[in-house]
Amino acid sequence: MKKLIACMTFDFDAMSGLVARGMTTPTPVSRGEFGAVAVPRILALLKRFDISGTFFVPGVVIKTYPSLCEQIIKAGHEIAHHGWAHIPPANLSRDEEEEGLLRGSDTIKALTGKNPVGYRSPSWDLSDNTLELLLKHGFLYESSMMGDDHTPYRARNGDVVQVDSPMVFGKPTPLIEMPVSWSLDDFPHFEFLRHGQSLMPGLQNASGVLENWLNDFEYMRRNCDWGILTYTCHPYVIGRGHRMLMLEQLLEGLVAKGATFMTMEDAAREYDGRAPF
């Protein structure tokens, strides 16, 4: 019997991702502030479909919007680790990364009563130290890499990557990788972002993105008896009116295709039971 899992995940970054890029003037801050407007909309939609999702929240955002994060918990959703500030681990020293990891975990524990079991790095950019630190501090799963689409796998540690030599793979670890993809992330499709000399055009028509997102699930449905597909949304992105309609249509389409909705923690534990380390 088929079991096809959809994980609806939301990176509640608010203004932290823009601030981490040095965008601290009033307009980008207000842009991130819209995330606080969008979260209640998302919670209401998930409630209507009786779906439990996972919200990855930086510690600074939990401290900025504590009551809103409490609403997420009360609605039955998982809150997972998304760094202390929205600074990619690859830009931090090992000590800085560990300090931020512990600070973020302490903030989540104060909110939820337990340590987080899941981690997603800001900007999906891990350092050479991240996996070792996640294992050291007892994380169950990580969700920043792209080595598969709908099959979790064990994250490797100790890869040797050189430009002019063959890849040397490290050893698999107990840490479960819940793979993601930029194509299943709302940000690159929708966000117009000018920063320095770079430009992200975004602003795509939502109907085309909806078709792609449903078709990725349809491919899994046609080819797998079991799998997990992870969708990544940002409240201040997906929360705009026409995109909320797209999110509603996505959920309707996934229900019609027989999706089982789970938090990332529950889905990772199911994978762990199916494929013990």
Side-chain angles (χ1 to χ4, degrees), residues 5-17 32 35-47 49-87 89 97-122 124 130-131 133-144 152 155 174-178 180 228 230-236 238-239 260-273:
I5 299 166
C7 287
M8 305 305 303
T9 72
F10 300 88
D11 291 3
F12 181 25
D13 299 336
M15 64 287 293
S16 66
V37 175
V39 165
R41 298 178 180 180
I42 294 167
L43 294 179
L45 182 64
L46 295 176
K47 181 179 180 180
F49 283 86
D50 194 25
I51 290 171
S52 295
T54 297
F55 286 73
F56 292 89
V57 192
V60 294
V61 175
I62 295 175
K63 291 290 190 180
T64 303
Y65 295 109
S67 63
L68 203 52
C69 291
E70 288 173 3
Q71 290 179 40
I72 294 171
I73 292 297
K74 289 178 181 177
H77 305 292
E78 175 190 7
I79 286 191
H81 206 304
H82 199 35
W84 167 250
H86 201 283
I87 300 173
E97 183 177 358
E98 185 169 29
E99 189 274 337
L101 188 69
L102 293 174
R103 199 174 177 188
S105 290
D106 288 344
T107 303
I108 292 174
K109 186 175 183 180
L111 176 70
T112 66
K114 64 178 185 178
N115 286 317
V117 299
Y119 176 83
R120 174 175 286 167
S121 68
W124 285 342
T130 304
L131 298 182
L133 289 173
L134 294 177
L135 289 164
K136 176 182 175 181
H137 293 290
F139 282 80
L140 170 70
Y141 74 86
E142 196 286 323
S143 185
S144 310
L175 188 68
I176 298 169
E177 180 61 38
M178 303 289 279
V180 291
I228 302 171
T230 298
Y231 295 93
T232 303
C233 297
H234 299 73
Y236 80 83
I238 204 69
T260 297
F261 295 93
M262 287 186 174
T263 66
M264 292 285 272
E265 177 180 357
D266 288 344
R269 292 195 187 282
E270 179 156 326
Y271 169 76
D272 198 34

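Values in this document were obtained by computation on a predicted structure and should not be read as measured data.
Annotation: side chain to side chain donor-acceptor pair (under 3.5 Å) contacts of Ser121 (sequence neighbours excluded): Ser144. Listed by chain and number, the residues in a side chain to side chain donor-acceptor pair (under 3.5 Å) with Lys47 amount to none (sequence neighbours excluded). Taking the side chain to side chain donor-acceptor pair (under 3.5 Å) definition, one finds that Arg269 meets it with Glu265, sequence neighbours left out. Partners of Asp272 by side chain to side chain donor-acceptor pair (under 3.5 Å), not counting sequence neighbours, listed by chain and number: Arg154.
Of the inter-residue distances, the one linking Ile62 atom CD1 with Thr112 atom OG1 reads 8.0 Å to the nearest 0.5 angstrom. Here the CG-OG1 distance, from Leu135 to Thr130, works out to 11.0 Å after rounding to the nearest 0.5 Å.
Put simply, the residue from Val39, Ile72, Leu46 that forms a side-chain contact (heavy atoms from CB on, under 4.5 Å) with Phe10 is Leu46. Evaluated for a side-chain contact (heavy atoms from CB on, under 4.5 Å) with Ile228, the options Met264, Glu270, Met178, Met262 yield exactly one hit, Met178.
Counting all heavy atoms, side chain and backbone alike, Ala38 lies closest to Pro235 at CB-O, 3.0 Å. Across Ala6 and Tyr231, no two heavy atoms sit closer than the pair CB-CE1, 4.4 Å. Listed here is the closest heavy atom pair of Arg41 and Gly239: NH1-O, 2.8 Å. Phe12 and Val61 get closest at one heavy-atom pair: O-CG1, 3.5 Å. The minimum heavy-atom distance linking Ile42 with Phe55 is given by the pair CG2-CZ, 4.1 Å. Scanning both residues, Ala80 and Tyr141, for their nearest heavy atoms gives CB-OH, 3.7 Å.
Sorted by first and then second residue, the side-chain hydrogen bond (donor to acceptor under 3.5 Å, both in side chains) pairs with a member in residues 49-73 read Thr54-Glu78; sequence neighbours excluded.
Between the side chain of His234 and the main chain of Asp11, no donor-acceptor pair closer than 3.5 Å is present.
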Pair up each side-chain donor or acceptor in residues 100-111 with any protein partner under 3.5 Å, not counting sequence neighbours, and list the distances.
unit_1 : atom_1 : unit_2 : atom_2 : d
Ser105 : OG     : Leu101 : O      : 3.1
Thr107 : OG1    : Arg103 : O      : 2.9

Verdict with reasoning, Thr230 to Arg120, per side chain to side chain contact (heavy atoms under 4.5 Å, CB included): CA-CA 12 Å; Thr230 298; Arg120 174 175 286 167; 3.7 Å; yes
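Residues Asn115 and His137 have side chains not in contact (no heavy-atom distance under 4.5 Å, counting atoms from C-beta outward). Looking at heavy atoms from C-beta onward, Ile79 lies out of side-chain contact with Pro116 at the 4.5 angstrom threshold.
Note: His81 and Tyr119 have tilted aromatic rings, judged against thresholds of 30 and 60 degrees for the angle between ring planes.
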